Amino acid sequence: QVQLVESGGGLVQAGGSLRLSCAASGSVFSINNMGWYRQAPGKQRELVAVITSGGNTNYAASVKGRFTISRDNAKNTVYLQMNSLKPEDTAVYYCNADQRRAGLTIANYWGQGTQVTVSS
């Protein structure tokens, strides 16, 4: 099993920055991809960024150039550096990780979420 705990959310003004952290514990040796999702009021949960175990990254078009995802495998932690924040970035941000064995996904885990609010 894998447990994910997010931190770093808060209230910032437009143009500001936040750095989210997600610490994984449990069967961390089996984690493959890790990512950040968000759910804004009135919208479905959407992928923000993902990073593979090898360090390859993908970003939603809406955050590309402003957000950076990274991971520290030694600390079992994934980060999301968010710069040039906009009010439309306001959402609950969730950390996600999949667990693989022999190349197959056997489980998917979510953190509890952390609120990011960007004021105008």
Side-chain angles (χ1 to χ4, degrees):
Q1 296 182 355
V2 174
Q3 297 80 45
L4 304 174
V5 179
E6 302 102 329
S7 62
L11 174 63
V12 298
Q13 292 186 340
S17 298
L18 284 173
R19 190 191 192 205
L20 306 183
S21 298
C22 173
S25 61
S27 300
V28 295
F29 55 86
S30 61
I31 293 175
N32 188 252
N33 299 328
M34 299 188 74
W36 289 95
Y37 291 71
R38 68 186 181 186
Q39 187 164 20
K43 298 183 67 177
Q44 294 184 331
R45 189 174 298 186
E46 64 176 350
L47 176 68
V48 177
V50 63
I51 184 167
T52 70
S53 60
N56 295 321
T57 60
N58 283 293
Y59 298 90
S62 59
V63 307
K64 190 173 297 183
R66 299 188 297 121
F67 292 8
T68 302
I69 188 170
S70 61
R71 66 193 295 172
D72 185 337
N73 290 328
K75 296 182 178 180
N76 302 314
T77 301
V78 63
Y79 305 94
L80 185 67
Q81 179 66 46
M82 305 185 293
N83 298 325
S84 302
L85 284 163
K86 305 174 181 179
E88 49 263 45
D89 295 319
T90 295
V92 177
Y93 284 71
Y94 297 91
C95 181
N96 174 265
D98 61 18
Q99 185 177 44
R100 296 189 178 186
R101 182 178 180 180
L104 301 176
T105 299
I106 60 174
N108 192 273
Y109 300 93
W110 294 93
Q112 81 285 356
T114 185
Q115 177 70 49
V116 172
T117 302
V118 184
S119 62
S120 301

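Numbering starts at 1 and runs along the sequence shown. Just so it is clear, the structure is predicted and the values come from calculations on it, not from any experiment.
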(request) Please list, chain by chain and in numerical order, all residues satisfying side chain to side chain donor-acceptor pair (under 3.5 Å) with Ser7, sequence neighbours excluded. (result) none
(request) Treat each ILVMFWY residue as a node, draw an edge where side-chain heavy atoms are under 4.5 Å apart, and state whether Val50 and Val2 are in one component. (result) no
(message) Can you pull out every ring pair (Phe, Tyr, Trp, His ring centres under 6.0 Å) where at least one residue sits in residues 40-90? Sequence neighbours excluded, please.
(response) none
(message) Is there a path of hydrophobic side-chain contacts, each under 4.5 Å between heavy atoms, that joins Tyr109 and Val92?
(response) no
(request) With sequence neighbours left out, write down each residue that passes side chain to side chain donor-acceptor pair (under 3.5 Å) with Thr57, or none if nothing qualifies. (result) none
(request) Could you tell me the separation between the CG atom of Asn96 and the CG atom of Leu47, rounded to the nearest 0.5 Å? (result) 8.5 Å
(message) How about CZ on Arg100, more than 12 heavy atoms from neighbouring residues, nucleotides or ligands closer than 6.0 Å, or not?
(response) yes
(message) Ser84: which residues meet the side chain to side chain contact (heavy atoms under 4.5 Å, CB included) condition with it, sequence neighbours left out?
(response) Arg66
(message) Nearest 0.5 angstrom please: Met82 CE to Thr68 OG1, how far?
(response) 11.0 Å
(request) Grab the two heavy atoms, one from Ser30 and one from Gln99, that are nearest each other, plus how far apart they are. (result) OG-NE2, 2.7 Å
(request) Using atom types as modelled and distance alone, determine if a side-chain donor or acceptor of Asn32 lies under 3.5 Å from a backbone N or O of Asp98. (result) no
(request) Over all heavy atoms of both residues, which pair between Ile106 and Arg101 is shortest? Give the atoms and the distance, please. (result) CD1-CB, 4.0 Å
(message) Quick test of your reading: applying disulfide (SG to SG under 2.5 Å), list the pairs with at least one residue in residues 33-64, sequence neighbours left out, ordered by first then second residue.
(response) none
(message) Suppose we screen for side chain to side chain contact (heavy atoms under 4.5 Å, CB included). Which residues come up paired with Val28, at least two apart in sequence or across chains?
(response) Ala24, Ile31, Asn76
(request) List in chain and number order the residues that pass side chain to side chain contact (heavy atoms under 4.5 Å, CB included) with Ala23, two or more places apart in sequence or in another chain; answer none if no residue qualifies. (result) Thr77
(request) Among Ile, Leu, Val, Met, Phe, Trp and Tyr joined by side-chain contacts under 4.5 Å, find the other residues sharing a cluster with Phe29 and list them by chain and number. (result) none
(message) Within this structure, what is the CG-CG distance for the pair Asn58 and Asn56, rounded to the nearest 0.5 Å?
(response) 8.0 Å
(request) Scan residues 16-29 for pairs that pass side-chain hydrogen bond (donor to acceptor under 3.5 Å, both in side chains), counting only residues two or more places apart or in two chains. (result) Gln3-Ser25, Ser17-Asn83
(request) Under the side chain to side chain contact (heavy atoms under 4.5 Å, CB included) rule, collect the residues that match up with Gln13, sequence neighbours excluded. (result) Ser119
(request) Mind jotting down which residue pairs meet the disulfide (SG to SG under 2.5 Å) criterion with at least one end in residues 18-120? Sequence neighbours excluded, please. (result) Cys22-Cys95
(message) Hydrophobic clustering (ILVMFWY, side-chain heavy atoms < 4.5 Å, transitive) - are Leu85 and Tyr94 grouped together?
(response) no
(message) Listing request: all side-chain hydrogen bond (donor to acceptor under 3.5 Å, both in side chains) pairs with a residue in residues 37-47, at least two apart in sequence or in separate chains.
(response) Arg38-Glu46, Arg38-Ser62, Arg38-Asp89, Arg38-Tyr93
(request) Using side-chain contact (heavy atoms from CB on, under 4.5 Å) as the criterion, point out the one residue from Ile69, Ile51, Thr114 that pairs with Leu80. (result) Ile69
